[in-house]
Novice: 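Encoded as structure tokens, here's the structure I'll be asking about.
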Amino acid sequence: MTPKRSSRQRPAAACPCGLAETYERCCGRFHRGEAAAPTAETLMRSRYSAFVKRDEPYLLRTWHPRTRPPRVDFDAGMRWTGLEILATTDGSAFHTTGTVTFRASFGDGSLHERSRFERVEGAWVYLDGEFLD
């Protein structure tokens, strides 16, 4: 028998990355370490969600060892409001590198970036990015 959900329970929140799945079943599983992102785009989406959730351990864990900072400095006033993937190049299970061009919205503005990703020991990691616009 399936338990009934109380009318006071909140529905599961949609994932900040913009996909239709809930956060728990989408990027949350990567953040919790239950799975690794299978593509560069999936890693990009999960890293965006980690910025929304201020998940510093995940961001550092998925940053390339050559370019990883000692810590992530979150802007206390920053509120991310949406992610749009504009283009991807390579970054599939058959590649060792890939790029994802995206626009991340916040307040009255947006961040437009082309990010580069590489595989390190089989896992996708963020290498660096180029700001566009």
Side-chain angles (χ1 to χ4, degrees):
M1 185 173 200
T2 305
K4 292 184 181 179
R5 191 164 70 174
S6 162
S7 61
R8 287 196 252 176
Q9 284 183 329
R10 295 170 53 194
C15 193
C17 80
L19 296 179
E21 198 65 72
T22 64
Y23 167 75
E24 292 300 319
R25 293 187 60 167
C26 191
C27 293
R29 64 195 171 110
F30 303 127
H31 295 176
R32 292 186 304 272
E34 296 170 3
T39 66
E41 180 180 332
T42 305
L43 182 65
M44 172 60 234
R45 288 180 178 279
S46 69
R47 286 179 55 83
Y48 170 81
S49 291
F51 272 102
V52 170
K53 302 282 189 179
R54 298 177 189 258
D55 186 343
E56 182 182 38
Y58 181 76
L59 291 167
L60 293 175
R61 192 168 68 244
T62 58
W63 214 306
H64 197 291
R66 284 196 326 260
T67 57
R68 180 187 305 133
R71 69 182 172 284
V72 178
D73 294 320
F74 295 104
D75 180 341
M78 178 68 74
R79 183 172 178 275
W80 297 102
T81 58
L83 175 67
E84 178 184 8
I85 302 297
L86 304 172
T88 60
T89 305
D90 298 335
S92 77
F94 303 104
H95 300 105
T96 57
T97 64
T99 64
V100 178
T101 304
F102 67 93
R103 186 177 315 277
S105 302
F106 59 88
D108 314 358
S110 66
L111 168 71
H112 187 194
E113 181 178 315
R114 181 178 304 113
S115 294
R116 294 189 313 152
F117 298 87
E118 285 186 6
R119 282 188 187 267
V120 172
E121 297 177 8
W124 285 108
V125 293
Y126 170 77
L127 178 62
D128 59 23
E130 170 190 5
F131 294 118
L132 307 172
D133 293 342

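For the numbers below, each heavy atom of this structure counts, side chains included, while hydrogens, waters and symmetry mates do not. Position 1 is the first residue of the sequence; numbering continues from there.
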Novice: Applying side-chain hydrogen bond (donor to acceptor under 3.5 Å, both in side chains), name anything that partners Glu34, two or more places apart in sequence or on another chain.
Specialist: Arg32
Novice: Look at the side chain of Glu21 and the backbone N and O of Cys26, then say whether any donor-acceptor pair between them is shorter than 3.5 Å.
Specialist: no
Novice: Just checking, any donor-acceptor pair under 3.5 angstrom between side chains of Thr22 and Glu24?
Specialist: no
Novice: Could you state whether Leu60 and Phe74 fall into the same hydrophobic cluster, counting links through intermediate Ile, Leu, Val, Met, Phe, Trp or Tyr residues with side-chain heavy atoms under 4.5 angstrom apart?
Specialist: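 Same hydrophobic cluster.
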Novice: Does Arg45 reach the side chain of Ile85, with side-chain heavy atoms less than 4.5 Å apart?
Specialist: yes
Novice: Walk me through whether Glu84 and Leu86 qualify under side chain to side chain contact (heavy atoms under 4.5 Å, CB included).
Specialist: CA-CA 6 Å; Glu84 178 184 8; Leu86 304 172; 3.4 Å; yes
Novice: Does any non-hydrogen side-chain atom of Thr101 lie less than 4.5 Å from one of His112?
Specialist: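 Result yes, sub-4.5 Å side-chain heavy-atom pair found.
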Novice: For the side chain of Arg29 and the backbone of Ala35, is there at least one donor-acceptor N/O pair under 3.5 Å apart?
Specialist: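 Between the backbone of Ala35 and the side chain of Arg29 there is no qualifying donor-acceptor contact (under 3.5 Å).
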Novice: Minimum heavy-atom separation for Ala37 and Trp124, please, with both atom names.
Specialist: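 So the two residues come closest at O-CD1, 3.5 Å.
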Novice: Any donor and acceptor pair, going by atom type alone, linking the side chain of Thr96 with main-chain N or O of Arg119 inside 3.5 Å?
Specialist: no
Novice: Under 4.5 Å between side-chain heavy atoms, hopping through other hydrophobics if needed: is there a path connecting Val125 to Phe51?
Specialist: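 Hydrophobic grouping puts Val125 apart from Phe51.
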Novice: Under a single-linkage definition using a 4.5 Å side-chain heavy-atom cutoff for Ile, Leu, Val, Met, Phe, Trp and Tyr, are Leu19 and Leu83 assigned to the same hydrophobic cluster?
Specialist: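 Hydrophobic grouping puts Leu19 apart from Leu83.
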Novice: Looking at Thr39 and Gly91, would you say the former's side chain and the latter's main chain have a donor-acceptor pair under 3.5 Å?
Specialist: no
Novice: Can you name the side chain to side chain contact (heavy atoms under 4.5 Å, CB included) partners of Ala50, sequence neighbours left out?
Specialist: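 For Ala50 the side chain to side chain contact (heavy atoms under 4.5 Å, CB included) partners, ignoring immediate neighbours, are His31, Asp55, Tyr58, Leu59.
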Novice: Listed by chain and number, what are the side chain to side chain contact (heavy atoms under 4.5 Å, CB included) partners of Ala14, not counting sequence neighbours?
Specialist: none
Novice: Any link between Leu132 and Met44 through a network of hydrophobic side chains (Ile, Leu, Val, Met, Phe, Trp, Tyr) touching at under 4.5 Å?
Specialist: no
Novice: Evaluate the side chain to side chain contact (heavy atoms under 4.5 Å, CB included) criterion for residues Trp63 and Val72: first the C-alpha distance (whole Å), next the side-chain angles of each, then the deciding distance (0.1 Å), finally the verdict.
Specialist: CA-CA 11 Å; Trp63 214 306; Val72 178; 4.1 Å; yes
Novice: If you take all heavy atoms of Tyr23 and Pro16, which pair is closest and at what distance?
Specialist: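 What the structure gives for the nearest pair is CD1-CD, 3.9 Å.
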Novice: Using modelled atom types and a 3.5 Å cut-off, is there a donor and acceptor pairing between side-chain atoms of Thr81 and backbone atoms of Ser105?
Specialist: yes
Novice: Minimum heavy-atom separation for Ser46 and Cys27, please, with both atom names.
Specialist: CA-SG, 3.4 Å
Novice: In Å and rounded to the nearest 0.5 Å, what is the OG1 to CD distance from Thr99 to Glu41?
Specialist: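 Going from OG1 on Thr99 over to CD on Glu41, the span is 11.0 Å.
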Novice: From Tyr48 OH over to Cys15 SG, what is the distance, rounded to the nearest 0.5 angstrom?
Specialist: 10.0 Å
Novice: Taking Tyr126 for its side chain and Arg68 for its backbone only, find out whether a donor-acceptor pair lies under 3.5 Å.
Specialist: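 Checking the backbone N and O of Arg68 against the side chain of Tyr126, no donor-acceptor pair under 3.5 Å is found.
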Novice: Grab the two heavy atoms, one from Thr67 and one from Leu127, that are nearest each other, plus how far apart they are.
Specialist: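 Here Thr67 and Leu127 meet closest at OG1-O, 2.6 Å.
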Novice: Pro38 and Phe30: which non-hydrogen atoms are nearest, and at how many Å?
Specialist: CD-CZ, 4.1 Å
Novice: Is it the case that over 12 heavy atoms from other parts of the model lie below 6.0 angstrom from the CZ atom of Arg54?
Specialist: yes
Novice: Say you draw a straight line from CD of Glu113 to CG of Asp128; how long is it, rounded to the nearest 0.5 Å?
Specialist: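 Between atom CD of Glu113 and atom CG of Asp128 there are 8.5 Å.
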Novice: Between Thr97 and His95, what is the shortest heavy-atom contact and its length?
Specialist: O-CB, 3.4 Å
Novice: Can you tell me if Arg47 uses its side chain to pair, donor with acceptor, with the backbone of Leu43 under 3.5 Å?
Specialist: no
